[in-house]
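From a predicted model like this one, the values you see are computed outputs, not experimental measurements. In this chain, numbering begins with 1 at the start of the sequence shown.
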Amino acid sequence: MPDTASFAFTPSLLLTLAFALALTAGFVLKLWLAGRQLRQVALGRAAVPTAFADHIALPAHQKAADYTRAKLRFGVLEAALGAVVLLGWTLLGGLDALNQALLWALGAGMGQQLALLAAFALISGLIDLPGTLYQTFVLEQRFGFNQTTPRLWLGDLVKSTLLGALIGLPLAAAILALMASAGQLWWLWAWALWTGFNLLLMWVYPTFIAPFFNKFVPLQDEALAARVQALMQRCGFAAKGLFVMDGSRRSAHANAYFTGFGSAKRVVFFDTLLRQLSPEEVEAVLAHELGHFHHRHITKRMAAMFALSLAGFALLGWLSTQVWFYTGLGVQPGLVGLVPGAAAPPNDALALLLFLLAVPVFTVFLSPLFAQMSRAHEFQADAYAVAQTGSGSLASALLKLYEDNASTLTPDPVYVKFYYSHPPAVERLARMHAGAAA
Ligand SMILES: [Zn+2]
C-alpha cells in the first residue's frame with residue numbers, strides 16, 4: 001500500500017502547481033480574448049462604422065480587418081509556442097540541463113554564470129527567430145508594410161546582438177558580483193545599479209545607440225519647423241533639436257516621439273509620418289506628445305517602473321535564498337560543493353533567469369490595470385492637444401494614422417480593456433469633439 005501520510009504539499013510542490021495553473025489560466029485567457037477580438041473584427045468587416053463612413057473607404061477598412069485578424073492568429077500561435085518553451089525551460093528541465101552542462105564544461109564561478117545567461121539569451125533568440133522572420137517577411141510583407149531587405153534585417157540582428165552583449169554582459173556581471181558579495185541587502189544595491197543604468201541608457205540611447213540603426217537628419221522643411229517651434233514655445237517646452245528619422249527603411253508604419261530627458265530632449269519624426277500628414281496634422285500629433293510631457297506622464301511611468309522593480313528585486317532577494325524556488329520550477333540548485341569540502345556553486349544566475357521566466361506568468365493578470373492607466377493618459381494628452389491646436393487637425397491626423405497603419409476601428413470592448421494602451425478611435429474622436437464643444 002502506498003504510504004499516503006508521506007505525501008504533503010511542500011512549498012516546492014505548491015510553487016509547481018501555482019506556476020502550472022497560472023500558465024494554463026494565462027494561456028486560456030489569451031485564447032479567449034483573441035477569439036473575442038477575431039469575432040468582433042470579422043463582424044465589423046462588412047461595412048465602415050457610420051462615425052467613419054465619410055473618412056475611410058471600404059477597401060481600407062477591410063484591409064485593417066484582415067491585417068488585425070492575421071496578426072491575432074499569429075499572436076495565438078506565438079503564445080502557444082511561448083508557453084511550451086517556458087515549460088521546457090522550467091518544469092521539463094531545460095534550464096537545469098543547460099546549467100549542469102555548463103558546470104561540467106566550465107566549473108563553478110562567474111564565468112559559468114555569465115555563460116549561462118548568454119547561452120540562455122542566445123537559445124531564446126534562436127527559438128524566436130522563425131517567428132520574427134515570418135512576421136517581417138510574410139505577415140507585414142503581405143499587407144505592404146515591410147520595407148526591410150534580408151540584408152538590412154541581418155545587419156540589424158548582428159548589430160543588436162553585439163550591442164546587447166556589449167551592454168548586457170558587464171551589467172549582468174555587476175549584478176552577479178553584488179549578489180555574491182554585497183551581503184543580505186544585495187538586492188537594494190542591485191536595484192540602485194539597475195535604476196542608474198536605465199537612466200543612463202535613456203540619456204545615451206538617442207545620441208549614441210539609435211544612430212547605429214537609423215539616420216537622423218535635422219528637419220529641413222522650414223515652414224513646418226517654424227510651426228513646430230511656435231507650438232513648443234507656446235507650451236513652454238525646450239528641445240535640443242527637431243529630427244527626421246528614416247523609418248521608411250524598415251516599415252511603412254508612421255510615428256513621432258520625444259527621446260532623452262533634461263536638456264538632451266529631442267523631437268523625432270518618422271519620415272513616413274511627414275509624408276502622410278499635413279503640417280497642421282503634424283503639429284496636432286506633436287501637441288498630443290507635448291500633452292504627455294505637460295501631465296508628466298513619462299515621469300510618472302518611470303517612477304512606477306522604478307517602484308515596481310524595487311519590489312521585484314526585494315522579492316528576488318528573498319526567493320533566491322529559498323530552495324523551493326528552484327526545485328518548484330524544475331531546477332536543482334547547487335547545495336553542496338562538487339568537490340568534497342569545496343563551496344557550493346553559486347545559484348545567482350539561475351535565480352535571475354527563473355525570476356525573469358516566472359514573474360510574467362503571474363503578473364499577466366495585472367495587464368488591464370496598466371492598460372487602463374495608459375488609456376487615461378492618452379485621453380489627457382488628446383485633451384491637451386485639442387486645447388492647443390483645436391480638435392480638427394488631431395482628429396484628421398488620427399484617422400489618417402488609423403488608416404495607414406491598418407488599425408481596426410471595431411475592436412472588442414473586453415479585448416480593449418486588457419490590451420489597448422490607446423483608447424479605440426471612436427472613443428478618442430467622441431471625447432475630442434466633446435472637449436472642443438465644451
Ligand atoms: Zn499618446
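Annotation for R73: atom CZ counts as buried by contact number, over 12 foreign heavy atoms lying within 6.0 Å. For K215, the NZ atom sits in a loose shell: 12 or fewer heavy atoms of surrounding residues, nucleotides or ligands are nearer than 6.0 Å. Counted within 6.0 Å of CH2 on W194, heavy atoms from surrounding residues, nucleotides or ligands total 12 or fewer; the atom is thus considered open.
For the atom pair CG of L95 and CG of L329, the computed distance is 9.5 Å after rounding to the nearest 0.5 Å. If you take OG on S181 and CG on D348, they are separated by 9.5 Å, rounding to the nearest 0.5 Å. Annotation: the span from W324 atom CH2 to T16 atom OG1 amounts to 10.5 Å, rounded to 0.5 Å.
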*Decide side chain to side chain donor-acceptor pair (under 3.5 Å) for E140 and Y67; before the verdict, give the C-alpha distance in whole Å, the side-chain angles of both, and the deciding distance to 0.1 Å.*
CA-CA 9 Å; E140 293 285 304; Y67 179 55; 2.4 Å; yes
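Between the side chains of H294 and Q380, no donor N or O sits under 3.5 Å from an acceptor N or O. Checking Q113 against N347 by side-chain atom types alone, no donor-acceptor pair falls below 3.5 Å. A donor-acceptor contact closer than 3.5 angstrom links the side chains of T327 and S12.
H292 and H288 have perpendicular rings, their planes meeting at more than 60° on a 0 to 90° scale where under 30° would count as parallel. Ring geometry for F362 against F19 counts as tilted: the plane angle lies between 30° and 60°, on a 0 to 90° scale.
Here the two rings, on F325 and W318, have centers that are 6.0 Å apart or farther.
Of the possible polar contacts, one joining the T195 side chain to the W191 backbone as a donor-acceptor pair under 3.5 Å is found.
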